[in-house]
Amino acid sequence: MHLAMGTLKRPGPGFLPFILACLLVALSLALIASQWKKGDGKAPFWPERTWLRPLLGAGAFALYAFLIDLIGFLPTTFIFLVLWMWIIESISWRRIAMVSVGVTGVLYLIFGYFLEVPLPGGIFS
Amino acid sequence: MGEIFNIFQGLLNGFDIALSLTNITFALIGAVLGTMVGILPGLGPAATISLLLPLSFKIGSPVTSIIMMAGIFYGAMYGGSTTSVLVNIPGEAASVVTCIDGYQMALKGRAGPALGMAAIGSFVAGTIGILGLTFVAPPLAEFALKFGPPEYFSLTLLGLVMATLLGGDSIIKGLIMVVLGLLLGSVGLDPISGAIRFTWGLHMLQEGIDFVTLAMGMFGIGEIFYNLEKVLKTELVTRKISHLWPSLKDWADSKWAVVRGSLIGFMIGILPGGGAVISSLVSYAVEKRVAKNPDEFGKGAIQGVAGPESANNAAATASFIPLLTLGIPGNAAIAMIFAALLIQGVTPGPFLITEKPDVFWGVVASMYIGNVMLLILNLPMVGLWVQLLRVPYSILAPVIVLFCCVGVFSVRNSVFDIWVMGIFGVIGYIFRKVGLEPGPLILAFVLGPILERSIRQALLMSAGSPAIFFTRPISGALMAALILFLVFQVYLNRRKQRQRGKG
């Protein structure tokens, strides 16, 4: 890829990105330097397994994006809700069932029915 | 005199539009949604409006959809205080300081007056803000007609820098977010030459990164991932809320706080880069300084609720001024409304009032109506809203994620966008963890094209001499303001560091 810088007289498409990239490098160096001077970066980034729940959340999200193309909106949404509330939040089964069915239905009603978004049908279409 | 007459004429017309059944309905929907997202922690007005962006076509005319989105923004300012007072978690970023004294009041059994004063203060301040918007915007727009590319560049730059430096605690981190936002905004077709930039051959990126995808990823998904780290419990301090109508002593204590908060909020809101969050912080600091007994602060001083809650409402309303007269959004939520206007084919700027008077005056008039609706929703009906806090975050979180997924999918019916949003979500999560605020990034992303077009046009005008930004009077004044502001900030930072060194 080559983006012409142009000149100050005729700035090209690469003009602003170049200036921004330089600024970013300078600012990053400044940030590193200022943290260096402080020198108190000893606290762990994820104390006591706090990484686990966000990671599970991201996993559930990825699964959703992956499955929705394959099996369609309704089953994917239902599975996502069940998994999230079961694995990440450990809510009682009765509540999970109620919320999952309810939310899937409401979402379908709002987006699929009223707003006529062509939600992926997957194998059921 | 003619000018004043035009304003009243316009406002009358606006009420005609805003009072149609459709528009009243959508103002009410906006007010209800706004109160709701204000109350619910972990979902702010910016994320909510971005969620509704893809639907703005289906809602109807530009006026109707902007009326609703505006309602969400200022409505959230009302709702935010409820959670701050009752749960000690800010329902919304602009209500952070309300937690300090509001929660203390609730612990002492004075949740009622705290909520009542917050709602009344919000109403007074909101109305003052709209009056300001009504009378300041038209002359300002006329003045802005003189602006050329150099002026736009200077003003946009000033707004970006101010938003960054006023908002966060680290200048460097804030500026990094601005630069990243500008770079993200440069993906896709170059606005002047049409060259394709940074798409890595992915044709989905040719139209650039979609604003809705970026905003929902950073604000919606990123926030959820971040909140997952801790178990967020919304436990109410008290179930019974009585004496919503403040006592005579409460009135006497807070009336000037409301007035000061309104003025502070309006002044900060109108600045490019100002916003509701900053204004509430400033108002709290001012109230503490002018108070007869500052020791009361932190122990349940009603001024500490009345001032900031008034300020954030006045600021939310005032921040429509730079948007509707200059076409420059000053904060993330307003940036969403900016995007909504563009989607509807309305370019906000100095011509808006004269060329699309229906949009401008319709929205302004709807705000007067919306504020009355919100006062009713938040004063006598506050008990109903409190029930909302009983929905645990553990159920709310996956539902918000799903709304984001379906919302982003509906923009152009593409699963690819869901993935992109997820990636921005992870990035937003990491940003939050290392103390980088996503607000300035979003703002820079929206302002990027304006900034780039104006700097390149200006340089073409001046045959390559950057002096053009300093020699034209208006642009020069803006640049001077920018430099003064930077110097002042550096001075403040130095002083803060020195004090820290001593203490």
Side-chain angles (χ1 to χ4, degrees), chain A residues 1 3-4 6-17 20-21 23-24 27-28 30-31 34 45-46 50-58 60-62 64-66 68-69 73 77 80-81 83-85 88-91 95 99 103-104 106-107 110-112 114-120, chain B residues 54-55 58 170 172-173 175-176 178-180 182-183 186 190 192-200 221 224-226 228-231 392-395 397-399 401-403 405-407 409-410 413 415 418-419 421-422 425-426 429 433-434 448 451-452 455-456 459-460 462-466:
Chain A
M1 183 174 68
L3 294 173
T7 57
L8 268 185
K9 256 186 196 157
R10 296 194 68 80
F15 172 67
L16 205 64
L20 291 173
L23 271 174
L24 191 60
L27 286 167
S28 307
L31 185 62
S34 74
F45 196 63
W46 278 291
T50 42
W51 49 268
L52 184 64
R53 275 159 50 98
L55 186 71
L56 288 172
F61 184 93
Y64 187 80
F66 177 71
I68 195 168
D69 242 357
F73 169 79
T77 303
F80 172 84
L81 281 164
L83 280 181
W84 186 296
M85 287 187 276
I88 305 179
E89 307 284 1
S90 58
I91 298 173
R95 239 178 153 176
V99 173
V103 170
T104 308
V106 168
L107 275 174
I110 297 178
F111 286 94
F114 285 118
L115 299 168
E116 296 170 349
V117 175
L119 297 165
Chain B
L55 312 178
K58 289 167 178 150
S170 157
I172 301 172
K173 283 181 179 175
L175 290 177
I176 285 180
V178 167
V179 174
L180 278 178
L182 291 173
L183 275 173
S186 70
D190 163 28
I192 291 186
S193 71
I196 294 168
R197 299 190 290 197
F198 311 121
T199 61
W200 298 305
I221 308 288
I224 299 268
F225 286 167
Y226 185 66
L228 274 178
E229 277 195 3
K230 48 204 184 290
V231 179
Y393 194 71
S394 48
I395 289 177
V399 175
V401 172
L402 282 172
F403 262 99
C405 284
V406 184
F409 173 83
S410 70
N413 304 328
V415 176
I418 300 184
W419 284 106
M421 177 178 73
V426 173
Y429 162 69
K433 269 202 80 81
V434 297
L451 203 66
E452 175 161 28
I455 190 176
R456 281 164 68 179
L459 286 175
L460 286 172
S462 71
S465 159

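Chain naming here is simple, since letters A, B, ... match the order of the sequence lines and numbering starts at 1 in each. Just so it is clear, the values below take in all heavy atoms, side chains as well, and ignore hydrogens, waters and symmetry mates.
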Next item on the list: Measure A:Leu56 against the heavy atoms of chain B and call it side chain, backbone, both or neither at under 4.5 Å.
Entry: neither
Next item on the list: Would you mind checking which part of A:Leu20 comes under 4.5 Å of any heavy atom in chain B, side chain (CB onward), backbone (N, CA, C, O), both or neither?
Entry: both
Margin query: Need one label for A:Phe66: side chain, backbone, both or neither, based on atoms under 4.5 Å from any heavy atom in chain B.
Written below: both
Next item on the list: Might you point out which heavy atoms bring B:Leu228 and A:Arg53 nearest each other, and give the distance in Å?
Entry: O-NE, 2.6 Å
Margin query: So B:Ile221 and B:Tyr429, do their side chains get closer than 4.5 Å, heavy atoms only?
Written below: no
Check: With respect to chain A, which residue among B:Val434, B:Asn413, B:Leu451, B:Ile224 yields the maximal number of heavy-atom pairs within a distance under 4.5 Å?
Finding: B:Asn413
Notebook entry, point to check: At what distance, to the nearest 0.5 angstrom, does CH2 of A:Trp84 lie from CG of B:Leu402?
Noted result: 8.5 Å
Item checked: Distance in Å, A:Ile88 CD1 paired with B:Ser394 OG, rounded so as to fall on 0.5 Å steps -> 10.5 Å
Item checked: Side chain, backbone, both or neither of A:Ile91 within contact of chain B (heavy atoms, under 4.5 Å) -> side chain
Item checked: Options A:Val103, A:Val117, A:Leu27, ranked by heavy-atom pairs under 4.5 Å with chain B, top entry -> A:Leu27
Check: Which atoms form the tightest heavy-atom contact between B:Cys405 and A:Phe61, and what is the distance?
Finding: SG-CE1, 3.5 Å
Margin query: Which atoms of A:Ala62 are under 4.5 Å from chain B, going by heavy atoms: the side chain, the backbone, both sets, or neither?
Written below: both
Margin query: Under 4.5 Å from any heavy atom of chain B, what part of A:Leu55 do you find: side chain, backbone, both or neither?
Written below: neither
Next item on the list: Heavy atoms only, distances under 4.5 angstrom: which of B:Ile418, B:Val426, B:Val178, B:Val406 has the most pairs with chain A? Name it, please.
Entry: B:Val406
Note to self: Could you report the tightest heavy-atom contact between B:Trp419 and A:Ala65, atom names first, then the distance?
What the structure shows: CE2-CB, 3.5 Å
Next item on the list: Measure A:Leu107 against the heavy atoms of chain B and call it side chain, backbone, both or neither at under 4.5 Å.
Entry: side chain
Next item on the list: Could you pull out the closest heavy-atom pair between B:Pro398 and A:Phe80, with the gap in Å?
Entry: O-CE2, 3.7 Å
